[in-house]
Amino acid sequence: MNTEFSEQKYGETGVKTSFEQMANGEQKYKMIAEDGSYYCRTVASSQGAWQNSHVHINLTEFYVVQTGWIAYASYGDDQMFSIRVMRAVHAFVCWQLLS
């Protein structure tokens with residue numbers, strides 16, 4: 001369960017901001033456009049954090065690892081399982097285009 005949430009309304013630029021403090025210590029800072037697209041900076045707690053598996057429909061995710069490391073597990077179109085481990089500063093794009 002999230003422990004804190006705050007949000008500001010759309011300004012003249014058509015962008016609103018939000019902040020979420022997750023139960024696992026993760027902090028999420030978002031800039032959200034009126035069309036629903038957004039950029040999110042996620043900061044893990046000092047002990048790190050695990051995100052449960054999840055899927056996004058018709059979405060492209062772009063990850064930038066600024067400090068520390070990230071492990072990303074996925075299934076490919078051929079049902080092959082892969083794990084990527086990246087240290088700062090690396091970036092990768094994850095396309096999840098499901099129908």
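Below, all heavy atoms of this structure are taken into account, side chains as well, without hydrogens, waters or symmetry copies.
Inter-residue side-chain proximity for I32 and S18 is flagged as met; some heavy-atom pair is nearer than 4.5 Å.
Here OG1 of T42 is found 8.0 Å from NZ of K30. Values are rounded to the nearest 0.5 Å. To the nearest 0.5 Å, the span separating CD on E26 from CD on E20 amounts to 9.5 Å.
Here the closest heavy-atom approach between residue Y29 and residue V43 is recorded as CE1-CG2, 4.1 Å. The heavy-atom pair separating I83 from A73 by the smallest distance is CG1-CB, 4.1 Å. Across all non-hydrogen atoms, the minimal contact from K28 to C40 is CB-SG, 4.0 Å. Contact record, A71 with V85: CB-CG2, 4.1 Å, taken as the closest heavy-atom pair.
The hydrophobic clustering, which links ILVMFWY residues whose side-chain heavy atoms are closer than 4.5 Å, places M31 and F19 apart.
Partners of S37 under the side-chain contact (heavy atoms from CB on, under 4.5 Å) rule, at least two apart in sequence or in another chain, are A33, D35.
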